[in-house]
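Everything numeric in this text was worked out from a predicted model, so none of it was measured. Order of appearance sets the numbers: ligands from 1, and atoms from 1 within every ligand.
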Amino acid sequence: MDTSLSGKRALVTGAGNGIGRDIAEALAREGATVAVHGRSLERVSATLEAIQEAGGTAFPALADLADENAIAAMCSEACGNLGGLDILVNNAGICTLEDTPDMAPETWKAMLSINLTAPFLITRAVFPALIKSGAEASVIFVSSIAAGAHSAGWGAYAASKNGLNAFMHCLADELGGHGVRVNSIAPGWVETKMARDAHKGMAEAAGAPYEALYNDSMRGNMLGALLTPDSISDMAVFLASERGRFITAQTLTVCGGCVPGSRGSESSAERADALAK
Ligand code: NDP
């Protein structure tokens, strides 16, 4: 029993950068052929090149996830190029942190569209391919510990990720009878553009120094650890592999220890306020 994904066929969304890129490269290193999703060839070319240079096989899978027709075409092409599908990683996401009166309805809708509706549309489109793969298949959603956020400004993002976890549970029951496993990974802060942008916004709103806030908040966990994307791709490889064969309908948290009330568990907003004083 090992984590080899040799012969498996994977689609990873938002794989041009950040966590998605790391997951795509990690799956390919384990032997999977990967459809690398992004908005344009330009945005996924670095991932494709990295996989190919390492001896792996990858295809581009292009679509703006706000476009339902583009999603359908991308899924059909990806499954065609791969000759089926065993691993689906719904990773792409966006994050805007604004209090309710400041949040334009368009921002709310965009967050739900990319973070929740697009994963539904993609999963629906590849449903027959997943059933065909049966016990070989694994669906992974990249959720967030912020699904359980109780902080001002996190409403839309938390709602989208909470919705994703709810969808995951129900989908796991639908697909369980076919042997397909379905899980969420809930990361804490991970060093990517999304995390940097979010901290810039929080620092600006509180009048706190960005660098100090970023360094403090990113390590706000029991281990005092700075999580990099490989912390999430390790979990994705595990869940996609034989080793995760009895794990389904679960949210697996990867955050360095982030239990509310524990050491280092202050919210980023509380840290920003403290640094602003
Ligand atoms: P990044 O912003 O680095 O990457 C997000 C990815 O999603 C990009 O590839 C982006 O493509 C893609 N994407 C966004 N909107 C669209 C769209 N309309 N159509 C197609 N692709 C789109 O973020 P992360 O890597 O940090 O985030 C990956 C996932 O992890 C997200 O779901 C996020 O919510 C989750 N997460 C991240 C955490 C963190 O601290 N970083 C913590 C918890 C969860 P493009 O480059 O073209 O914009």
Could an N or O of ligand 1 be found under 3.5 Å from any N or O of L65, whether backbone or side chain?
yes
min-distance protein heavy atom vs atom 40 (O) of ligand 1 -> V190 N, 2.8 Å
protein heavy-atom neighbour closest to atom 26 (O) of ligand 1 works out as T192 OG1, 2.5 Å
Backbone or side chain, does any N or O of I94 fall under 3.5 Å from an N or O of ligand 1?
no
Notebook entry, point to check: Between G38 and ligand 1, does any nitrogen or oxygen pair lie at a separation below 3.5 Å?
Noted result: no
Looking only at non-hydrogen atoms, the one of E191, R21, M194, R39 nearest atom 15 (N) of ligand 1 is R39
query = So, does G188 sit close enough to ligand 1 that a heavy atom of it is under 4.0 Å from the ligand?
reply = yes
* Would you call the rings of F120 and F167 parallel, tilted or perpendicular if under 30° counts as parallel and over 60° as perpendicular? -> perpendicular
* To do: Please confirm whether A63 comes under 4.0 Å of ligand 1, counting heavy atoms of the residue only.
  => yes
- Output yes when a side-chain donor or acceptor of N183 lies under 3.5 Å from a complementary backbone atom of Q250, and no otherwise. yes
Ligand 1 to V142, heavy atom cutoff 4.0 Å, flagged ligand atoms 29 (C), 30 (O), 32 (O), 35 (C)
Atom 18 (N) of ligand 1 sits nearest the protein heavy atom D64 OD1, 3.0 Å
Nearest non-hydrogen protein atom to atom 31 (C) of ligand 1, with distance, is N91 O, 3.2 Å
Notebook entry, point to check: Should S143 be listed as contacting ligand 1, given a heavy-atom distance under 4.0 Å as the test?
Noted result: yes
- Donor-acceptor pair, N221 side chain versus G257 backbone, under 3.5 Å? no
Counting from 1 in the order shown, the ligand 1 atoms closer than 4.0 Å to a non-hydrogen atom of K161 are 31 (C), 32 (O), 33 (C), 34 (O)
Ligand 1 to G93, heavy atom cutoff 4.0 Å, flagged ligand atoms 5 (C), 7 (O), 14 (C), 31 (C), 32 (O)
Note: ligand 1 atoms sitting under 4.0 Å from heavy atoms of I114 are 15 (N), 18 (N)
*Are K200 and E204 within salt-bridge range, i.e. N to O under 4.0 Å?*
no
S144 heavy atoms within 4.0 Å reach ligand 1 at atoms 43 (C), 44 (C)
for atom 25 (O) of ligand 1, nearest protein heavy atom and its distance come out as I19 N, 2.9 Å
In ligand 1, the atoms that come under 4.0 Å of a heavy atom of Y157 are 33 (C), 34 (O), 35 (C), 36 (N), 43 (C), 44 (C)
Atom 47 (O) of ligand 1 has as its nearest protein heavy atom R43 NH1, 2.6 Å
Ligand 1 to G18, heavy atom cutoff 4.0 Å, flagged ligand atoms 3 (O), 25 (O)
State whether the shortest distance between N or O atoms of H37 and N or O atoms of ligand 1 falls below 3.5 angstrom.
no
| message | I'd like to know if R245 pairs up with E242 as an ion pair, taking the criterion as any Lys NZ or Arg NE/NH1/NH2 lying under 4.0 Å from an Asp or Glu carboxylate oxygen. | response | yes
Residue, atom and distance of the protein heavy atom nearest atom 46 (O) of ligand 1 read N17 ND2, 2.9 Å
